[in-house]
Amino acid sequence: NVGKLFARMSASPNKNCKRLFTVCIEGNIGSGKTTFLNNFKANDNMLVLQEPVELWRDVGGTNLLEKMYKDPVRYGCLFQSYVQLTMLQLHTQKTNLPFKVMERSVYSARCFIENMKRTKMLEKVEIDILEQWHEWCIQRADIQTDLIVYLRTSPEVVYERMRTRARKEEDCVSLEYLRQVHDVHDDWLYNRSLFSVPAPVMVLDANKSVSEMMAEFEKCRRSIFENRD
Ligand code: TTP
Ligand code: MG
């Protein structure tokens with residue numbers, strides 16, 4: 001419950017010595033995470049970490065995202081293992097600022113592993129190893145998260161956005177695939193019937209237009225600040 005969490009934060013005995021407050025922005029491919037996150041850049045007390053996808057497109061000159069979409073059976077496991085590493089690097093990036101806002105997380109990378117499991121894209125041993133890595137990360141690594149913002153969309157809407165955005169690697173991504181990725185996110189953050197949820201979840205209707213989303217963003221920003229200070 002978001003309210004309870006904020007109550008705990010503001011009950012901190014030393015107001016000048018609060019620990020970092022981390023927010024992860026989650027949602028399907030094309031749900032608007034980068035656009036939403038961009039709005040936070042106006043706040044100079046926030047470290048904004050976005051577009052981890054850029055790291056996956058250039059691994060020492062290799063476009064691993066492209067290889068994964070072209071040959072998921074060969075590259076799916078390698079890709080997911082690199083996603084996990086880069087997400088860990090973002091989680092553990094140090095800052096003296098009081099807030100950190102991230103696009104995605106180690107937690108949501110699990111959604112894609114889950115989907116590869118459901119669709120039997122990878123071998124069982126590959127899934128086993130990715131899941132063991134994931135478990136280790138959430139139990140042992142310093143990836144504490146205070147709030148998840150779930151940009152909830154319909155697969156049809158994100159399909160249109162993805163086509164309009166036309167990221168070249170995503171040429172082959174079907175509506176069916178976006179439905180699968182949506183279902184895993186929804187099972188995790190909305191139905192809460194999948195793996196554990198690490199922080200309170202704020203669900204926003206992200207089918208709205210960019211201008212309508214500004215109001216949602218303002219609500220989100222205000223509640224983060226007001227409830228912490
Ligand atoms: P997203 O991480 O969803 O980023 P995005 O920029 O598409 O989202 P938004 O429009 O909301 O800003 O996906 C980036 C690409 O990486 C996408 O093609 C899906 C792929 N991907 C995986 O295949 N596995 C993963 O674990 C993750 C996190 C992404
Ligand atoms: Mg993005």
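Whatever order the structure lists them in is the order used to number ligands and atoms, beginning at 1.
Shown here are the ring-ring contact (aromatic ring centres under 6.0 Å, His included) partners of Tyr177, two or more places apart in sequence or in another chain: there are none. Remark: Lys219 engages Glu216 in a side chain to side chain donor-acceptor pair (under 3.5 Å) (not counting sequence neighbours). Trp133 pairs by the side chain to side chain donor-acceptor pair (under 3.5 Å) definition with nothing, not counting sequence neighbours.
The atoms of ligand 1 that sit less than 4.0 Å from any heavy atom of Met68 are 23 (O).
If you check each of Arg165, Glu66, Met116 against atom 10 (O) of ligand 1, the one with the closest non-hydrogen atom is Arg165.
Between Arg167 and Glu66 no salt bridge is recorded (no basic side-chain N to carboxylate O distance below 4.0 Å). Under a 4.0 Å N-O distance rule, the pair Arg179/Asp186 does not qualify as a salt bridge.
Annotation: atom 8 (O) of ligand 1 to nearest protein heavy atom, Lys33 NZ, 2.9 Å. The protein non-hydrogen atom at the shortest distance from atom 28 (C) of ligand 1 is Arg104 CD, 3.3 Å. For atom 24 (N) of ligand 1, the closest non-hydrogen atom on the protein side is Gln80 OE1, 2.8 Å. Here the heavy atom of the protein found nearest to atom 4 (O) of ligand 1 is Glu103 OE2, 3.7 Å. Ranking protein heavy atoms by distance to atom 15 (C) of ligand 1, first place goes to Glu170 OE2, 3.7 Å.
Counting heavy atoms under 4.0 Å from ligand 1, residue Thr34 touches it through both backbone and side chain. Contact annotation for Ile29 and ligand 1: heavy atoms of both the backbone and the side chain come within less than 4.0 Å of the ligand.
Under a 4.0 Å heavy-atom criterion, Glu169 is not in contact with ligand 1.
The distance from atom NZ of Lys33 to atom CG of Asn28, rounded to the nearest 0.5 Å, is 7.0 Å.
With Phe40 as the aromatic partner, Arg221 does not meet the cation-pi criteria of under 6.0 angstrom to the ring centre and within 45 degrees of the ring axis.
In the model, Thr86 has no side-chain atom that pairs as donor or acceptor with a side-chain atom of Gln89 under 3.5 Å. A side-chain donor-acceptor contact under 3.5 Å links Thr34 and Glu103.
The set of protein atoms (N, O or S) found at less than 2.8 Å from the Mg ion (ligand 2) reads Thr34 OG1, Glu103 OE2, by chain and number.
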